[in-house]
Amino acid sequence: MARYVTTTLPYVNADPHIGFALEIVQADVLARTWRLQGEEVFFNTGTDEHGQKIWEAAEKNGQDVQGYVDHYASEFRKLKEALALDNPTFIRTTDEHHKRAAQEMWRRCEAKGDIYKKTYTGLYCVGCELYKTEKDLTGEGFCLIHTNLKAEEVSEENYFFRFSKYADQLTKYMSRSDAAIPQWRRGEALTFVASGLEDFSISRKKERLVWGVPVPGDDTQVMYVWFDALTDYISTLGWPEDIEGNFAKFWESSRTLQMAGKDQVRFQSLMWQAMLMSADIKNTDQVFYHGFITSGGQKMSKSLGNVISPYELVSKYGTEATRYLLLRHVHPVEDTDVTWERLDEWYTANLVNGLGNLVARVMKLAEEHLPQPVELSLDDTRIEELFLEHLEGFRFNEAMDLIWEHIGKGDAYMTEQEPYKKVKQEHTKADGIADIERLVRHIAKIAVHLTPVLPKTSVAILASVRTNTKPENLFPRST
RNA sequence: AGCGGGGUAGAGGAGAGGUACCUCGAGAGGCUCAUAACCUCUAGACGCCGGUUCGAUUCCGGCCCCCGCAACCA
């Protein structure tokens with residue numbers, strides 16, 4: 001069966017966030033795991049590039065918008081190299097094909113009678129360029145952020161999507177036990193639907209939102225970013241024309257998975273699913289919601305100055321260690337607090353002293369005492385069922401724990417059997433050599449399990465086993 | 001207010017109806033193959049109060065605290 005996995009598309013008004021790195025590394029591990037099992041996989045990511053905020057950010061930087069989004073698109077594209085991502089397809093919502101797809105999505109919903117025009121009256125803060133509700137304003141009607149600006153009452157005619165019409169269908173969809181992971185996010189979505197759905201606005205007047213996809217058949221309106229961006233999950237597959245057949249293969253007749261942050265439940269599991277229902281397209285089979293990474297007990301934010309960027313992680317610890325830290329020490333679905341101090345600790349304890357050191361001590365003995373490389377058997381390279389179950393169940397941390405359990409066992413075996421002593425005495429030499437061979441098989445088995453999670457390390461260990469040589473330090477001690 | 005998540009040794013985390021596990025740190029031994037690494041042993045913990053149960057830290061209820069749902073942001 002073909003498989004499909006996508007990240008959400010990050011909005012390009014800031015540098016890549018560590019939370020997005022988490023999301024895309026998790027997606028990558030799944031894509032790699034499936035590919036190892038011989039499945040055909042479509043792995044999608046990209047950038048969300050429309051919207052008023054981006055227009056403004058570009059103006060603020062004195063850049064033209066296209067140049068601005070091009071710059072960010074390339075910043076996000078670099079993640080592929082930095083995080084060793086296995087061949088993701090990279091879509092930009094400013095791609096011509098994507099814009100046509102978004103317009104086709106609009107036409108389909110419209111044909112279904114799910115798009116209508118309505119005058120919206122609200123309190124608008126010019127500073128924020130956003131409509132505000134009463135709780136966003138002071139008692140006197142001033143904006144909480146721009147405290148010197150009084151929100152103005154503004155009326156605007158926009159297009160709305162009949163979200164409310166899909167309440168029953170969404171409830172039914174969310175009743176599938178695997179529609180959202182973890183389970184409690186499903187509960188959240190169901191509660192939200194039960195509380196009553198309000199149709200949402202899907203366009204803005206062109207004067208207010210210049211940088212967006214034009215609404216088909218109405219030059220005065222532009223699509224609001226959500227409507228446009230969500231469509232990327234299928235436009236990336238070539239929908240609607242589907243000349244190459246990817247949509248049929250990877251969406252319609254495959255098991256589809258979306259990865260997203262925990263704040264995305266409403267958008268991914270409800271709004272987007274309602275749009276698909278309206279357009280008569282198959283719903284996403286499963287959406288996985290990861291937790292957030294905090295730093296020093298607080299949400300990362302530029303103003304607090306506690307942002308840890310994925311590129312900083314990679315330049316300090318390297319690609320493989322960054323993947324390791326994200327997969328083992330960040331909880332898949334709960335929030336995790338991360339500080340540089342803790343990152344150093346995990347890196348040294350588990351990669352330098354753990355994995356790296358074990359490989360070094362085993363291969364040093366092998367290089368000196370084995371006459372030839374160990375022949376690996378089929379059994380040495382078989383992946384444990386439990387390991388795969390953990391990965392398929394999004395328990396990346398537990399899958400990693402399993403590997404590190406074996407690393408600990410390798411070290412213990414070495415101390416108990418003392419092959420380094422045995423090889424020095426004629427009458428125990430053969431026994432010592434057999435121990436070393438067993439240890440080499442053991443690290444080979446560890447390497448095989450590392451394939452989807454730490455791909456380069458896995459290759460390095462297996463190469464070292466094949467040539468029977470001690471490798472360069474896999475994880476150098478950081479100074 | 002409401003909704004959701006969480007409170008586990010000195011620190012940070014995992015886990016689960018019946019010996020509570022991992023990393024760092026502390027104490028005592030051991031080893032020399034290894035990246036001053038590794039192994040063994042020891043001390044030390046399930047927020048509070050009830051309930052269900054033969055048995056609760058785990059399930060249920062109440063309470064107390066922390067975090068997110070608003071922001072440059074995933």
Side-chain angles (χ1 to χ4, degrees), chain A residues 7-11 13-24 53 57 60 128 130 132-133 135-136 144-145 182 184-185 187-189 191-192 194-195 259-266 289-294 297-304 307 310 328-331 333-339 341-369 395 397-398 400-401 404-405 407-424 432 435-436 439 470-478:
Chain A
T7 65
T8 49
L9 297 199
Y11 202 53
N13 60 345
D15 289 321
H17 192 278
I18 189 176
F20 182 67
L22 169 70
E23 183 173 316
I24 203 164
K53 281 188 201 168
K60 215 166 134 191
C128 303
L130 277 176
K132 297 282 171 173
T133 57
K135 63 178 181 178
D136 301 322
L144 289 176
I145 298 154
W184 71 78
R185 298 284 170 223
E188 244 175 83
T191 308
F192 185 81
S195 74
M259 312 290 283
K262 67 173 189 179
D263 58 342
Q264 291 285 311
V265 177
R266 254 165 62 195
Y289 295 99
H290 64 255
F292 281 169
I293 298 172
T294 56
Q298 287 175 297
K299 204 164 171 177
M300 283 186 201
S301 71
K302 283 181 192 165
S303 47
L304 287 172
V307 172
R328 182 156 190 232
H329 293 287
V330 173
H331 189 106
V333 298
E334 307 278 2
D335 289 359
T336 298
D337 195 67
V338 155
T339 58
E341 199 186 2
R342 256 170 247 150
L343 289 169
D344 283 342
E345 182 187 315
W346 295 327
Y347 175 78
T348 305
N350 304 300
L351 292 176
V352 179
N353 298 347
L355 179 58
N357 185 242
L358 176 67
V359 171
R361 62 197 301 214
V362 169
M363 287 317 298
K364 173 72 183 203
L365 286 174
E367 184 179 74
E368 285 193 355
H369 301 287
R395 296 181 298 275
N397 54 342
E398 292 184 51
M400 300 293 269
D401 286 347
W404 260 261
E405 214 174 279
I407 292 171
K409 280 183 190 163
D411 277 323
Y413 187 83
M414 180 78 89
T415 308
E416 283 157 21
Q417 297 302 318
E418 305 181 312
Y420 43 85
K421 263 189 196 169
K422 288 179 184 168
V423 291
K424 285 177 186 167
D435 287 338
I436 296 171
L439 283 163
K470 175 178 175 291
E472 286 298 298
N473 283 353
L474 292 173
F475 298 98
R477 194 160 291 280
S478 62

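On a predicted model such as this, the values are computed, not experimentally measured, just so you know. Here is how names work: the chains are called A, B, and so on, in the same order as the sequence lines, proteins then strands, and each is numbered from 1.
Pairing for B:rG29 is with B:rC39, a Watson-Crick or G-U wobble pair whose two hydrogen-bonding atom distances lie under 3.5 Å. Across all strands shown, B:rG2 pairs with B:rC69; the Watson-Crick or G-U wobble distances both stay below 3.5 Å. With a 3.5 Å ceiling on both atom-pair distances, the Watson-Crick or G-U wobble partner of B:rC48 is B:rG62.
In plain terms, the two heavy atoms of A:V265 and A:A189 that are nearest each other are CG1-CB, 3.8 Å.
Across all strands, A:K424 comes closer than 4.0 Å only to sugar-phosphate atoms, never to a base (heavy-atom distances). Within the nucleic acid shown, A:N357 comes within 4.0 Å of at least one base atom, counting heavy atoms only. Residue contacts shown for A:I18 are absent, as no nucleic acid heavy atom lies under 4.0 Å away. Residue A:N473 is classed as a base contact, given a heavy-atom separation below 4.0 Å to a base. Residue A:E345 is in base contact, counting any heavy-atom pair closer than 4.0 Å across all strands shown.
For the pair A:F292 CZ and B:rC73 P, the computed distance is 12 Å after rounding to whole Å. Between the P atom of B:rU32 and the CD atom of A:Q417 lies a distance of 15 Å, rounded to the nearest Å. For A:E416 and B:rC38, the CD to P distance is 16 Å, given to the nearest whole Å. Distance, A:R477 CZ to B:rC38 P: 8 Å, rounded to whole Å. Regarding A:E334, its CD atom lies at a distance of 11 Å from the C1' atom of B:rG4, rounded to whole Å.
With B:rG4, B:rC73, B:rC38 as the choices, the nucleotide that has an atom nearest any side-chain atom of A:Y11 turns out to be B:rC73. Considering only side-chain atoms of A:K421, the nucleotide from B:rU32, B:rC38, B:rG68 that sits closest is B:rU32. Considering only side-chain atoms of A:K364, the nucleotide from B:rG68, B:rA34, B:rU35 that sits closest is B:rA34. Considering only side-chain atoms of A:A349, the nucleotide from B:rG15, B:rU23, B:rC39 that sits closest is B:rU23.
For the P atoms, the distance from B:rG27 to B:rC63 is 45 Å, rounded to whole Å. Across the P atoms, B:rG10 and B:rA45 are found 7 Å apart, a figure rounded to whole Å.
At distances below 3.5 Å, not a single donor-acceptor pair connects side-chain atoms of A:E23 with backbone N or O atoms of A:H290.
There is a side-chain donor-acceptor pair under 3.5 Å between A:T294 and A:D337.
Side-chain contact check for A:M414 versus A:L365: some heavy-atom pair is nearer than 4.5 Å. With a 4.5 Å cut-off on side-chain heavy atoms, A:V352 and A:P476 do not count as touching.
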